[in-house]
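Read the structure below first, then the notes.
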Number of protein chains: 2
Amino acid sequence: MSHEVEQRSLSQYLEEHNLKHTKQREAILAAFLEATGHITSEEIHARVRVDHPNIGYTTVYRTMKLLCDAGLASERHFEDGVTRYEIEQEHHDHLVCLRCGKIIEFECAMIEKTQQEIADRYRFRVLRHRHELYGHCDRCEREAAT
Amino acid sequence: MSHEVEQRSLSQYLEEHNLKHTKQREAILAAFLEATGHITSEEIHARVRVDHPNIGYTTVYRTMKLLCDAGLASERHFEDGVTRYEIEQEHHDHLVCLRCGKIIEFECAMIEKTQQEIADRYRFRVLRHRHELYGHCDRCEREAAT
DNA sequence: ATAGATGCAAATGTTTTGCAGGAAA
DNA sequence: TTTCCTGCAAAACATTTGCATCTAT
């Protein structure tokens, strides 16, 4: 595996919080990190089961919550009621193709600054935000035109 | 009631689709329109029950779906897994207080323009978007400080 | 008369919790 | 050995569906 940095900080987090380092947590972390991103609990469970056939959904949910607390993962809620997890990284937003499901990430300092100004106007303290553009990616738009 | 425009278009929609005009649909529409916005099925159900004690959740869900199809309502999914409905109107975005649940609406032409430029860069055709800022409203921020 | 609507209860799908047994420190 | 974890089964939610009954047209 090539995720030493993340592995190290998981261990660190576990130690700091008097939590135990288990095979299940390791397996779930690995499955999560190997995914391209935006993975569901169900998908993690399926991946992990290949090598560890009796890890349950419960442990996946509990571990993903732990990874979120540890700052390694973060939850995303798109529009289908299923929680997805992605690797925690610099903030960014998403373009989501409604036809093929492709997800493109973007970030824009200009927009961030403007939204901060809006929040200030309402004396609202922004802790986090989501900004998602739904539509058709280049390819799907062409195909739709046929 | 003072919602003739909406009422007329519901009737219109019902007629066009060979659907029936019932007391329940009328009551649910009224409860929905009287709300300030961002109402849940549960809240609609509670309101409607005051005058119509035996309308069930089922009918609320079915009717709200109908109102969405008819273009009178639209679904919103914030981050707590509960569907909220709002009156279909000009596009706008939201500030959501994580402590008291207060929702403030905003819109910003500058941001809309910028996000369009980003999408163009990826040749992505935007059909709709969501932009939500989560944090603490003025009041909750003060209270938290105590 | 008949297509469509309703309300209940039961099913669904996702996520959480209680608990007895199991593993890490 | 003690504290924390795990997996199962059951519970909790929000939402949907099957079905017998009822109602608008």
Side-chain angles (χ1 to χ4, degrees), chain A residues 7 10-32 38-46 48-70 73-85, chain B residues 7 10-32 38-70 73-85 101:
Chain A
Q7 297 268 10
L10 175 62
S11 298
Q12 214 171 300
Y13 182 86
L14 294 177
E15 272 173 40
E16 283 167 13
H17 294 256
N18 273 79
L19 302 173
K20 287 170 182 169
H21 187 278
T22 66
K23 284 187 182 346
Q24 289 90 332
R25 285 177 176 169
E26 198 174 303
I28 291 167
L29 174 63
F32 165 63
H38 311 106
I39 194 173
T40 63
S41 287
E42 198 185 358
E43 289 159 353
I44 294 172
H45 184 245
V48 144
R49 282 242 165 185
V50 176
D51 292 321
H52 307 265
N54 38 3
I55 288 184
Y57 273 104
T58 312
T59 305
V60 174
Y61 279 111
R62 285 193 281 226
T63 303
M64 291 316 295
K65 192 146 285 176
L66 183 98
L67 295 183
C68 289
D69 291 344
S74 60
E75 288 193 357
R76 289 277 172 184
H77 300 259
F78 296 114
E79 302 204 338
D80 64 353
V82 187
T83 302
R84 257 161 258 265
Y85 300 93
Chain B
Q7 296 269 9
L10 174 62
S11 299
Q12 213 171 302
Y13 183 86
L14 293 176
E15 273 173 39
E16 282 167 13
H17 294 256
N18 273 78
L19 301 173
K20 286 170 185 172
H21 187 278
T22 66
K23 283 185 184 345
Q24 289 91 332
R25 285 177 176 167
E26 198 174 303
I28 291 167
L29 174 63
F32 166 63
H38 311 107
I39 194 172
T40 63
S41 288
E42 199 184 359
E43 289 158 354
I44 293 172
H45 184 245
R47 278 161 184 264
V48 143
R49 282 241 166 185
V50 176
D51 292 321
H52 305 79
N54 39 5
I55 286 182
Y57 273 104
T58 313
T59 305
V60 173
Y61 279 112
R62 285 194 280 226
T63 302
M64 292 315 296
K65 192 146 283 176
L66 183 98
L67 295 184
C68 290
D69 291 345
S74 60
E75 287 192 0
R76 289 275 172 183
H77 300 259
F78 297 113
E79 302 203 339
D80 63 353
V82 187
T83 302
R84 258 160 258 265
Y85 300 93

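Here is the naming used below: chain letters follow the sequence lines, and residue numbers restart at 1 for every chain.
Taken from NZ in A:K23 to CG in A:D51, the straight-line distance is 12.5 Å, to the nearest 0.5 Å. For the atom pair CZ of B:R84 and OG of B:S74, the computed distance is 13.5 Å after rounding to the nearest 0.5 Å.
Heavy atoms of B:T40 sit nowhere under 4.0 angstrom from any nucleic acid atom. Residue-level contact check: A:R62 touches the bases, meaning some heavy atom is under 4.0 Å from a base atom.
B:E26 has its CD atom 16 Å from the C1' atom of C:dT6, to the nearest Å. Put simply, OH on A:Y57 is 14 Å from P on D:dG7, counting in whole angstrom units. Per the geometry, CG belonging to B:L14 stands 12 Å off C1' belonging to D:dA24, to the nearest Å. Put simply, NE2 on A:H45 is 13 Å from P on D:dT6, counting in whole angstrom units. The CD1-C1' distance, from B:I55 to D:dC22, rounds to 15 Å in whole Å. B:N18 places its CG atom 17 Å from the P atom of D:dA24, with the value rounded to the nearest Å. In this entry the distance linking NE2 of B:H17 with C1' of D:dT25 reads 18 Å, nearest Å. Whole-Å rounding puts the B:N54 CG to D:dT21 P distance at 18 Å.
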Would you tabulate the nitrogen or oxygen pairs shorter than 3.5 Å linking the protein to nucleotides 20-25 of chain C?
residue	atom	partner	partner atom	Å
C:dA24	N3	A:K20	NZ	3.2

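Of the residues listed (A:T22, A:T63, A:L66), the one engaging A:I28 in a side-chain contact (heavy atoms from CB on, under 4.5 Å) is A:T63, and it is the only one.
Distances shorter than 4.0 Å separate some side-chain N or O of A:Q24 from OP1 or OP2 on D:dG7. Within the structure, a side-chain polar atom (N or O) of B:K65 is placed less than 4.0 Å from OP1 or OP2 of D:dT16. For the OP1/OP2 pair of D:dT15 and a distance below 4.0 Å, the side-chain nitrogens and oxygens of B:Y61 include at least one atom meeting the criterion.
Side chain of B:H45 to main chain of B:I55: a donor-acceptor pair is present (N/O by atom type, distance under 3.5 Å, no hydrogens or angles).
Distance from the side chain of B:S41 is smallest for D:dT15 among the nucleotides C:dA5, D:dT15, D:dG7. The side chain of B:T58 has C:dG7 as its nearest neighbour among C:dG7, C:dT14, D:dG7. You'll find that the side chain of B:V82 is closest to D:dA14, out of D:dA14, C:dG7, D:dT6. Of all nucleotides listed (C:dC8, C:dT14, D:dC8), D:dC8 comes nearest to the side chain of A:R49.
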Stepwise side chain to side chain contact (heavy atoms under 4.5 Å, CB included) check, B:Y85 with B:R76: CA-CA 6 Å; B:Y85 300 93; B:R76 289 275 172 183; over 6 Å; no

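Side-chain atoms of A:D69 and A:Y13, non-hydrogen and from C-beta on, do get closer than 4.5 Å to each other. Under the 4.5 Å side-chain criterion, counting only non-hydrogen atoms from C-beta, A:L67 is in contact with A:M64.
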